[in-house]
Every structure is written in C-alpha cells, then in structure tokens.
> 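Quick one: structure below, then a few questions.
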Amino acid sequence: MKNLANSEVLVTFEEKRQIFKPYGVTCERWAPSPMGKFDRHNEIELNFVPNGVLSYFFHNRYVAIPTERLSLFWGLIPHRVIDYSGGDYYFVATIPLVTFLGWKLPEWFVGDVLRGNVMTDSNKDFAIHDIFMFGNWIKDLTSGREDVMLQEAKSRLMRMAAEQTGANAISCSCKEMSKIDEIAIFIAQNYTLPIKAADIGNAVGLHPDYANAIFKKTFGRTMMEHVTMERITHAQRMLILSDNNILQIAYDCGFNSISSFNIAFMKINHCTPREYRKYNSSPNRFPC
C-alpha cells in the first residue's frame, strides 16, 4: 500500500479505524493529538519527534518518545498517544513486519522489538539527517519510489542497532492513571488467567457493569472482548517468537480449548494460527 498523501498534510488518528487494519508502507507527518483508543497493526512503526516530547500509553506502561531521537516499536503492541508537548507535528513511518524480518537485523535488536520494547536511538547525532530522511520518504512514496524508502530505512535501522548494545526503552509516568487505564493495565497483567468481568471490576473498585460501560465507551468493545484481544495478541507474538505447538500457545495465552482459540484467532486475523505463523516466518510472503 503506497502513501499518496500530500507532504504538507498533517494526519490524525482515525478513531473508527478497524483493529489490525494494515497501514502497509507509509511515511507521514502526524498532528500531535491524543488518541481516544488503542491502535494495533502488524507493522513496525518508526517515530521521529523534531520538537517536544511524545507520550504514549503502551499496553501496561507509559513511554516518552524524546525529541530528535529515532524510535520504533511493533505496532501489534497496544499503543495510543496521550500527550504531546512542544512542536506542531511528528513523523510516523510504518514498515510491514514481514519486510522488517527479512532485513536480517541483529537478533537481539529484532527480539527486543518483538518482545514489545520501544527502541530509541542512544543519541541525537543523526537528528538533522533523520528530519531530512523522513521528509524525503514522504516524497519517495508520493512518487512511487517505495524501494528507495525501504532501502534507506533498512540502512538507518542497521546503523541504529550497531550504535547500541541492547534495548533503550524509555518509560515515564506522564499523568495520573484513569480508571480506564487501570482496567487496561489489569487486563494486560492478567489476561492469561481465567478472569471474568467481576474480577476486573473488583480489581479497580468499580461495579463490573459500570466498569464495562465506561470501558466500552472508550474502546468500543467490552472488557472481555479486550481480554480476548490481549490473548490473541500474545498468541501472535508467540507464533513468531517460539516453536511451541499451537495447542500449547492457546493454553499459555489463556484459552481453555483449542476450538475457542481457533475461532477467536480467525475472527480477528482472518487466517488460522498455522497460516499466520507460516506467512510471518518468510520474507517472501505477505502477512494475513
């Protein structure tokens, strides 16, 4: 999928966007505005903030993307922008997971990304280059030069990995957690257990029906639908990161039967767990 957006247009998050809908290969300038719900997609997402600090809520923690430092993460990890201080825009580029895996970057680097770490460049030495690079990538995609953009992105990440010795995730508590955040964190920490709506409500000090109502208003799905989403996301990671058999993965992710796992996985991904593993293990195939 090519990005044909005008290079001066500021993109905002589509609140009605379908979960797991692919972005493909993109590079855009984004407006610094909070996202009303989590986004999830199967691309590697690159962020570059020319000015200010971009604050995310990632799965179960807050993370700050500092100014003038290239950062990246796997978009499958639930993420939403909650705050932005300084500047009028930031850059976002997305690269399909299958392309990223085909680049054969250092194993520790790829592993940290797939384990959910936010990788941040260790210094600002390349900031001027990165601003120029992201601007050129937007022009490249508008002109049909996707191959040029991908080659440069690969080289940039190879250099970034070579400059570091391990994950450089930066976390911060950017604001007081709301009850919605508390619910999301409890689910993120307990989805592999046989939890129910009553357990979630009790954990955050709310009646389960009320907790469910405010959660659905924010995320567009019930708490238990979110539990299923967390379990499927975990399964997606394990299908790529491990050689465990599918039955074991299903149980490890909190499902009590292989049939319920297969039904939930197919509903969200439109392919079977076996097909998902096969597609994402080869750089010559496209993910479902």
Side-chain angles (χ1 to χ4, degrees), residues 1 10-24 26 28-47 49 53-65 71-85 89-94 97 116 118 171-191 195 197 200-201 203-204 206 208-237 254 264-265 267-270:
M1 182 179 75
L10 294 184
V11 177
T12 57
F13 179 65
E14 182 184 348
E15 298 291 343
K16 295 183 179 180
R17 175 181 171 79
Q18 183 181 357
I19 194 76
F20 296 129
K21 180 181 178 181
Y23 283 97
T26 70
E28 299 165 314
R29 287 182 176 87
W30 278 61
S33 58
M35 296 161 54
K37 66 175 185 178
F38 283 108
D39 192 16
R40 275 178 169 166
H41 51 87
N42 204 33
E43 289 87 6
I44 300 300
E45 181 169 327
L46 280 64
N47 284 183
V49 183
V53 176
L54 184 67
S55 299
Y56 275 101
F57 183 37
F58 270 94
H59 188 54
N60 62 355
R61 70 194 191 282
Y62 291 108
V63 174
I65 307 297
S71 300
L72 73 149
F73 56 88
W74 188 13
L76 190 67
I77 309 302
H79 58 281
R80 63 186 177 98
V81 173
I82 57 171
D83 193 22
Y84 186 91
S85 59
Y89 69 91
Y90 62 99
F91 289 104
V92 175
T94 56
L97 177 64
V118 180
S171 301
C172 70
S173 294
C174 302
K175 66 172 187 177
E176 183 180 354
M177 284 191 296
S178 68
K179 286 297 182 181
I180 299 297
D181 293 336
E182 288 184 33
I183 294 171
I185 287 177
F186 179 82
I187 292 175
Q189 294 174 337
N190 295 277
Y191 63 83
I195 56 175
I200 301 171
V204 300
L206 297 175
D209 291 343
Y210 178 69
N212 205 44
I214 63 172
F215 190 85
K216 186 173 183 180
K217 183 177 180 180
T218 300
F219 292 107
R221 56 181 174 270
T222 67
M223 294 188 299
M224 294 313 297
E225 288 171 341
H226 191 72
V227 170
T228 298
M229 196 75 71
E230 291 284 7
R231 291 170 176 169
I232 293 299
T233 300
H234 187 176
Q236 289 172 310
R237 293 198 296 268
F265 196 95
K267 181 178 180 180
I268 291 173
N269 294 285
H270 308 291

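Throughout, residue positions are numbered sequentially from 1 according to the sequence presented.
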> Rounded to the nearest 0.5 Å, what separation is found between the CE atom of M224 and the NZ atom of K216?
14.0 Å

> Please verify the inter-ring angle class for Y62 with F57; under 30° counts as parallel, over 60° as perpendicular, anything in between as tilted.
tilted

> Can you list the steps and then say if I200 with V227 is a side-chain contact (heavy atoms from CB on, under 4.5 Å)?
CA-CA 10 Å; I200 301 171; V227 170; 4.2 Å; yes

> Can you tell me how far the NZ atom of K267 sits from the OG1 atom of T228, to the nearest 0.5 Å?
8.5 Å

> Examine distances only and state if a side-chain atom of N212 and a backbone atom of M223 form a donor-acceptor pair shorter than 3.5 Å.
yes

> Anything under 30° is parallel, anything over 60° is perpendicular, the rest tilted; go ahead and classify F91 against Y89.
perpendicular

> Using the side-chain contact (heavy atoms from CB on, under 4.5 Å) rule, take L46 and V92 through it: C-alpha gap first, then chi angles, then the decisive distance, then the call.
CA-CA 6 Å; L46 280 64; V92 175; over 6 Å; no

> Going through the distances and angles, do H41 and H79 end up as a side-chain contact (heavy atoms from CB on, under 4.5 Å)?
CA-CA 10 Å; H41 51 87; H79 58 281; 3.6 Å; yes

> Please name the pair of heavy atoms, one in V53 and one in A64, separated by the smallest distance, quoted to 0.1 Å.
CG1-CB, 3.8 Å

> To the nearest 0.5 Å, tell me how far F38 CZ sits from H226 NE2.
6.0 Å

> Less than 4.5 Å apart, any side-chain heavy atom of T26 and any of V11?
no

> If you take all heavy atoms of V49 and Y84, which pair is closest and at what distance?
CG1-OH, 3.4 Å

> Can you measure from CD1 (I65) to CZ (F58) and round to the nearest 0.5 angstrom?
5.5 Å

> Measure across V81 and L54 and return the closest heavy-atom pair with its distance rounded to 0.1 Å.
CG1-CD1, 3.7 Å

> Taking all atoms of both residues into account, what is the closest heavy-atom pair of H234 and Y191, and its distance?
ND1-OH, 3.1 Å

> Is the shortest side-chain heavy-atom distance between F13 and D39 below 4.5 Å?
yes

> Tell me, do E182 and K179 make a side-chain contact under 4.5 Å, heavy atoms counted?
yes

> Pick from R237, E45, R40: which one makes a side-chain contact (heavy atoms from CB on, under 4.5 Å) with I77?
R237

> Please report the closest heavy-atom contact between G24 and T94, naming both atoms and the distance.
O-OG1, 2.8 Å

> Could you walk me through whether N47 and W30 pass the side-chain contact (heavy atoms from CB on, under 4.5 Å) check?
CA-CA 10 Å; N47 284 183; W30 278 61; over 6 Å; no

> Any chance you could measure I214, atom CD1, to I183, atom CD1, to the nearest 0.5 Å?
4.5 Å

> So, for G201 and A211, which heavy atoms are closest and what is the spacing to 0.1 Å?
CA-CB, 4.4 Å

> Is a salt bridge present between R80 and E15, judged by a nitrogen-to-oxygen distance below 4.0 Å?
no

> Can Q236 and N269 be counted as having a side-chain donor-acceptor contact under 3.5 angstrom?
yes

> To the nearest 0.5 Å, what is the distance between CD1 on I44 and CG on L72?
6.5 Å

